[in-house]
Amino acid sequence: MANLDGAKTNLIINYLPQTLSDEDFRSMFLSIGPIKSCKIIRDKNTLYSYGFGFVDYQSPGDAARAITTLNGLSMENKRIKVAYARPNDENSKGANLYVCNLPKHYREEELMDQFQKYGSIVQTRVLVNQVTGQSKGVGFVLFHKKCDAESAMADMDGKTPPGGDQPFSIKFADDNAKKVRPPPGSQNFQHPAYSQGPRFPYSGGMGNHGPMRNPGNRFRYNPMGGGAGNFGNNYGNYNNGYGSGMGGSGMMGQQNQGHILFVYNIGYDADEKTLWQLFAPLGTVQKVNVIMDHAKSQCKGYGFVTMTNYDEAQHAIDCLNGYVFNGKQLSVSFKS
DNA sequence: TTATATT
């Protein structure tokens with residue numbers, strides 16, 4: 001719902017500790033003043049905290065004071081962030097532009113200069129090669145309002161900026177977590193589980209944890225897509241969390257909450273597809289999560305994979321921990 | 001090198 005007042009009273013709280021209870025969350029923010037509502041955003045089934053929440057104060061003054069008082073507060077080796085929430089209306093969604101063919105000398109400032117005449121900009125970002133620092137010629141312009149983003153795109157798409165030698169190509173940016181694009185080098189990507197050669201360190205010598213054990217159970221994960229190496233987009237349909245080994249009668253509708261793996265060094269271009277490709281062939285994957293730096297529209301280089309069955313999770317560790325993927329050595333372990 | 005930026 002669009003509410004003008006909400007812009008002044010409604011706060012988003014980021015970087016909440018996983019263990020923070022709803023009660024403690026409420027008390028902490030009630031200490032500033034009366035609130036209309038508050039909630040920690042959690043997984044519907046498991047109640048696992050997503051690490052952020054909302055607090056809507058009755059008075060704008062208390063909201064402002066909550067920011068002053070509580071932003072940056074240390075809680076269990078994290079620092080919470082308290083800021084105004086974006087208004088939850090259509091005009092603020094989809095206001096992020098993806099701009100290609102930037103002149104190579106462009107940084108955030110030059111991008112800002114070119115686009116700020118269309119409206120108020122939250123942030124600009126230019127992607128650079130992590131090693132050389134060279135611009136990739138690609139960036140993001142996030143406007144406060146979608147209509148400003150639309151005007152900017154209409155006017156600037158196909159135009160060559162002063163000092164540039166190519167016309168801008170402008171699109172709306174994808175949702176961070178949902179974009180499906182082949183990871184770099186995926187044309188040659190060969191899953192370690194299918195390898196028989198020595199370049200995949202964990203493909204042999206693992207006894208009955210060898211990668212191809214129980215092969216008849218391996219390919220149930222992609223009803224839409226075609227086969228291994230050709231992944232469809234409907235990842236959400238792979239399974240429902242009721243994995244094998246759940247027994248029947250005694251569970252009373254509870255579901256196996258799965259085993260969470262920490263996967264480090266997946267690269268800054270990784271997305272959810274990357275993790276599905278790596279893990280789905282090794283067992284039942286409930287969900288994957290690539291941790292994004294939302295300010296940069298980039299992966300932070302790690303993610304989490306929840307697998308239903310313990311033995312398959314251990315198998316995935318055996319296969320993938322230490323495996324060199326896109327030139328980086330993966331680290332795969334049970335989440336601590 | 002162990003989480004989550006829009007309900």
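Protein chains get the first letters and strands the later ones, always in sequence-line order, with residue 1 at the start of each. What you see is a predicted model, and the numbers here were worked out from it, not measured in a lab.
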| query | Going by the side-chain hydrogen bond (donor to acceptor under 3.5 Å, both in side chains) test, which pairs reach into residues 137-150 of chain A, not counting sequence neighbours? | reply |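 As it turns out, the side-chain hydrogen bond (donor to acceptor under 3.5 Å, both in side chains) pairs with a partner in residues 137-150 of chain A, which skip direct neighbours, are A:Ser120-A:His144.
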
| message | Using the rule side-chain contact (heavy atoms from CB on, under 4.5 Å), only one of A:Ile67, A:Thr68, A:Asp62 pairs with A:Ile32; which is it? | response |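 Checked A:Ile67, A:Thr68, A:Asp62 against A:Ile32; only one passes side-chain contact (heavy atoms from CB on, under 4.5 Å): A:Asp62.
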
| said: Students should find this one: the first and last nucleotides of DNA chain B, 5' to 3', lying under 4.0 Å from a heavy atom of chain A. What are they? | reply: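 From 5' to 3', the first and last contacting nucleotides are B:dT1 to B:dT7.
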
| Taking the nucleotide of DNA chain B with the closest heavy atom to each, which residue, A:Lys93 or A:Ile260, is nearer the 5' end? |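 Per heavy-atom nearest nucleotide, the more 5' residue is A:Ile260.
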
| Hey, which of these two, A:Ser37 or A:Tyr302, hits DNA chain B nearer its 5' end, going by closest nucleotide? |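 The answer here is A:Tyr302.
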
| query | With no hydrogens and no angle check, do the side chains of A:Asp24 and A:Ser27 hold a donor and an acceptor under 3.5 Å apart? | reply |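 Distance-only check fails for A:Asp24 and A:Ser27.
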
| said: Would you say the ring centers of A:Tyr118 and A:Phe143 fall short of 6.0 Å from each other? | reply: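 Distance test on ring centres: not under 6.0 Å, no.
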
| message | Nearest 0.5 Å, please: how far is CD in A:Glu312 from SG in A:Cys319? | response |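 Interatomic distance, A:Cys319 SG to A:Glu312 CD, rounded to 0.5 Å: 11.0 Å.
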
| query | What is the nucleic acid contact for A:Phe52, judged by heavy atoms within less than 4.0 Å: base, sugar-phosphate only, or nothing? | reply |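 Sugar-phosphate contact only - A:Phe52 comes under 4.0 Å of backbone atoms but never of a base.
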
